[in-house]
Amino acid sequence: MATSVGPTPGGQVDVERPVRDEIRRARSELREDAWRARKTAGLFGGAVFAGCMVLWFLSLTLMFLLWGAMDLRWAALIVTGVWAVAGAVLFARGRREVGGTASAERTSGHMTETSEEAS
């Protein structure tokens with residue numbers, strides 16, 4: 001059933017076909033964008049994995065370099081301590097960043113209001 005705008009001198013104007021064509025084009029563009037996003041996410045995931053491997057082998061290299069000056073267990077403990085401090089600093093910074101966002105403030109405010117209403 002064709003939807004028409006109304007009578008015109010030449011007849012009725014079909015609106016349904018252009019709308020369907022536009023929806024079809026939009027779906028096609030969304031599929032294409034989703035494919036690009038998946039591909040990009042995979043590439044970034046591979047880069048993160050490669051970065052982790054680099055850090056792993058750099059840590060092992062540092063540990064074996066320290067082994068020349070001390071027992072291997074102490075060298076491993078020192079490298080682990082360095083990574084623990086780096087992780088703690090990054091965690092604290094990330095937590096501070098999340099705490100400063102407007103969405104986190106809205107969410108925490110909403111949770112406070114909800115818990116007060118429940119009491």
Checklist line | Pairwise distance CG(Leu77) to CZ(Arg73) - rounded to 0.5 angstrom | finding: 11.5 Å

Item checked: Co-membership, hydrophobic cluster, residues Phe57 and Phe64, 4.5 Å side-chain -> yes

Check: What distance do Trp83 atom CH2 and Leu62 atom CG have between them, rounded to the nearest 0.5 Å?
Finding: 10.0 Å

Check: Thinking salt bridges, do Glu97 and Arg93 make one under a 4.0 Å N-O criterion?
Finding: no

Checklist line | Ser28 side-chain N/O to Arg24 backbone N/O, donor-acceptor pair under 3.5 Å | finding: no

Margin query: Are Met63 and Leu66 packed together at the side-chain level, in the sense that at least one heavy-atom pair is separated by less than 4.5 angstrom?
Written below: no

Next item on the list: Flag yes if Phe49 and Trp56 sit in one hydrophobic cluster, no otherwise; membership is Ile, Leu, Val, Met, Phe, Trp, Tyr, and two members link when side-chain heavy atoms are under 4.5 Å apart.
Entry: yes

Notebook entry, point to check: Which heavy atom of Trp67 sits nearest a heavy atom of Leu72, and at what distance?
Noted result: CD1-N, 3.3 Å

Note to self: I want to check something: taking the side chain as every heavy atom from C-beta on, are Met70 and Ile78 in contact at a cut-off of under 4.5 Å?
What the structure shows: yes

Notebook entry, point to check: Between Glu32 and Arg36, is the closest basic N to carboxylate O distance under 4.0 Å?
Noted result: yes

Margin query: Would you say Met53 ends up clustered with Val79 if hydrophobic residues are merged whenever their side chains have heavy atoms under 4.5 Å apart, either directly or through other cluster members?
Written below: yes

